[in-house]
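Here is the structure we will look at.
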Number of protein chains: 2
Amino acid sequence: MSFMIFSKTTEYALRIMNFMAMDEKKLYSANDIYENLRIPFRYLRKQMTILSKSGLIISVQGKNGGYRISKSLSEISLLDITRVAGDNKINNECFFGFKSCAFEKKCAMHYKWAAVRKSINNVLTSTTLEELKKTGTHNFISKNSLIFTKKD
Amino acid sequence: MSFMIFSKTTEYALRIMNFMAMDEKKLYSANDIYENLRIPFRYLRKQMTILSKSGLIISVQGKNGGYRISKSLSEISLLDITRVAGDNKINNECFFGFKSCAFEKKCAMHYKWAAVRKSINNVLTSTTLEELKKTGTHNFISKNSLIFTKKD
DNA sequence: TTTAAATAATACCTGGAGGTGTCATTTATG
DNA sequence: CATAAATGACACCTCCAGGTATTATTTAAA
Ligand code: SF4
Ligand code: SF4
């Protein structure tokens, strides 16, 4: 199952933050997010706690509690989000996955792959939630899908 | 542990093919490859069988047997190699990992990410083992490392 | 002050990628 | 033919990302 770039957890984090960016001042409950994104409820709860510990969102406990984006949308890049789910391995990595280069001279992939990595980093660094908010009509699955999974 | 592009198995396949490209006519035993790449021996054996079933290499059984690249180096692209280890998921995939798009209008990442995917595909499709062979001095770990792991 | 609605903490379960162990089969060579 | 050196087949183990289950804590509001 090779060739993925993001883990499922990272994808979840991206979807969640993108969804919450719809209204950056609103306090979203885990249930609100679940209803729209249908990420497995318990796992979603776990991720919300992690996101809040990361500082990207703040949590409010107790009745009518929930989560809110903690800073200006223009200050949150997609790279910031991908980083909370795991370590950004793409930066110091050889195309072949060698820990230290096996070759005396640079192989043909070295600079080509560096360029790929750079383009990924560029797009993740330069795209903010604010830009994302301006595009796309955010229906998520609630309108698109008639699949209703049970919460528990 | 997000952000990887290739699975370990795919990386192994790339290293193996790249190594065997040093001498495309030579019959390499699994042991030869192990001595140079130090991929866990039993797993390496398993992968060699898979590679040979894929048609990229042929296997010769019996004493003095081994493996040999099955066609011209210029006919084997890196994409061909990455494909044998798993399905090329990057092609039909949304940045957020949605199976079907959640939005009515394209989000800000849609075309940016398509460009990233395209650049990855370009480099994998256009780089062949032949090109790889021309660059890099192939020492692999045998010269670089003094770590000798036991085979069994 | 009691209740209900929310998050937090913690432990556990599961499937699959990566890795091992064992035996069977093939074939060159003495 | 007998042996040794190679690959093939197949079952098993291990670890961890992803997913569940349960109980504790916080707090608004009836
Ligand atoms: S030269 Fe090739 S093998 Fe060496 S680090 Fe760069 S990509 Fe990896
Ligand atoms: S528009 Fe955005 S959400 Fe929709 S498929 Fe493209 S990248 Fe995914």
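Proteins get letters first, then strands, A, B, ... in listed order; numbering begins at 1 in each. Just the heavy atoms: all of them, side chains too, but no hydrogens, waters or symmetry mates, feed the values below.
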Checklist entry - If you measure only the distance, is there a donor-acceptor pair under 3.5 Å linking the side chains of A:Asn122 and A:Ser119? => result no

Checklist entry - Quick one: do the B:Tyr34 and B:Ser29 side chains pair a donor with an acceptor below 3.5 Å? => result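 There is no such pair between these side chains.
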
Checklist outcome for this item: Residues pairing under side-chain hydrogen bond (donor to acceptor under 3.5 Å, both in side chains) where one sits in residues 64-73 of chain A, two or more places apart or in two chains, turn out to be A:Ser72-A:Ser74

In whole angstroms, how far is the [atom2] atom of [N] from the [atom1] atom of [X]?
X: B:Ile58; N: D:dT7; atom1: CD1; atom2: C1'; result: 12 Å
X: B:Asp32; N: D:dT7; atom1: CG; atom2: P; result: 8 Å
X: A:Ile50; N: D:dG19; atom1: CD1; atom2: C1'; result: 13 Å
X: B:Ile57; N: D:dT7; atom1: CD1; atom2: C1'; result: 11 Å
X: B:Gln47; N: C:dT20; atom1: CD; atom2: P; result: 13 Å
X: A:Arg42; N: C:dA9; atom1: CZ; atom2: P; result: 16 Å

Checklist outcome for this item: Side-chain atoms of B:Tyr43 come closest, of C:dA8, D:dG18, C:dG18, to C:dG18

Checklist outcome for this item: Counting only Watson-Crick and G-U wobble pairs with both atom distances below 3.5 Å, the stems of 3 or more consecutive pairs that include DNA chain D are C:1-30 with D:1-30

Next on the checklist: If the cut-off is 4.0 Å, is B:Tyr12 near the phosphate of C:dG19, judged by side-chain N/O to OP1 or OP2?
Outcome noted: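 Checking C:dG19 against B:Tyr12, a side-chain N or O does come within under 4.0 Å of OP1 or OP2.
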
According to side chain to side chain donor-acceptor pair (under 3.5 Å), who are the partners of [X], at least two apart in sequence or on a separate chain?
X: A:Ser54; result: none
X: B:Thr127; result: A:Lys112
X: B:Thr128; result: none
X: A:Glu11; result: none

Detail all sub-3.5 Å separations between protein N/O atoms and N/O atoms belonging to nucleotides 9-12 of chain D.
from, atom 1, to, atom 2, distance (Å)
D:dA9, OP2, B:Lys53, NZ, 3.0

If you restrict it to nitrogen or oxygen atoms, what contacts under 3.5 Å exist between nucleotides 1-6 of chain D and the protein, and what is each distance?
none

Checklist entry - Using a side-chain heavy atom cutoff under 4.5 Å and only I, L, V, M, F, W and Y, what cluster partners does A:Ile58 have? => result A:Leu27, A:Val60

Checklist entry - To which residues is B:Ile50 joined in a hydrophobic cluster, defined by side-chain heavy-atom contacts under 4.5 Å among Ile, Leu, Val, Met, Phe, Trp and Tyr, whether direct or through other members? => result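 In the cluster with B:Ile50 there is nothing else; it is isolated.
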
Next on the checklist: According to salt bridge (charged side-chain N to carboxylate O under 4.0 Å, His left out), who are the partners of B:Glu24, at least two apart in sequence or on a separate chain?
Outcome noted: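 B:Lys133.
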
Checklist entry - According to the salt bridge (charged side-chain N to carboxylate O under 4.0 Å, His left out) rule, which pairs have a member within residues 43-59 of chain A, sequence neighbours left out? => result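 Those involving residues 43-59 of chain A do not exist here.
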
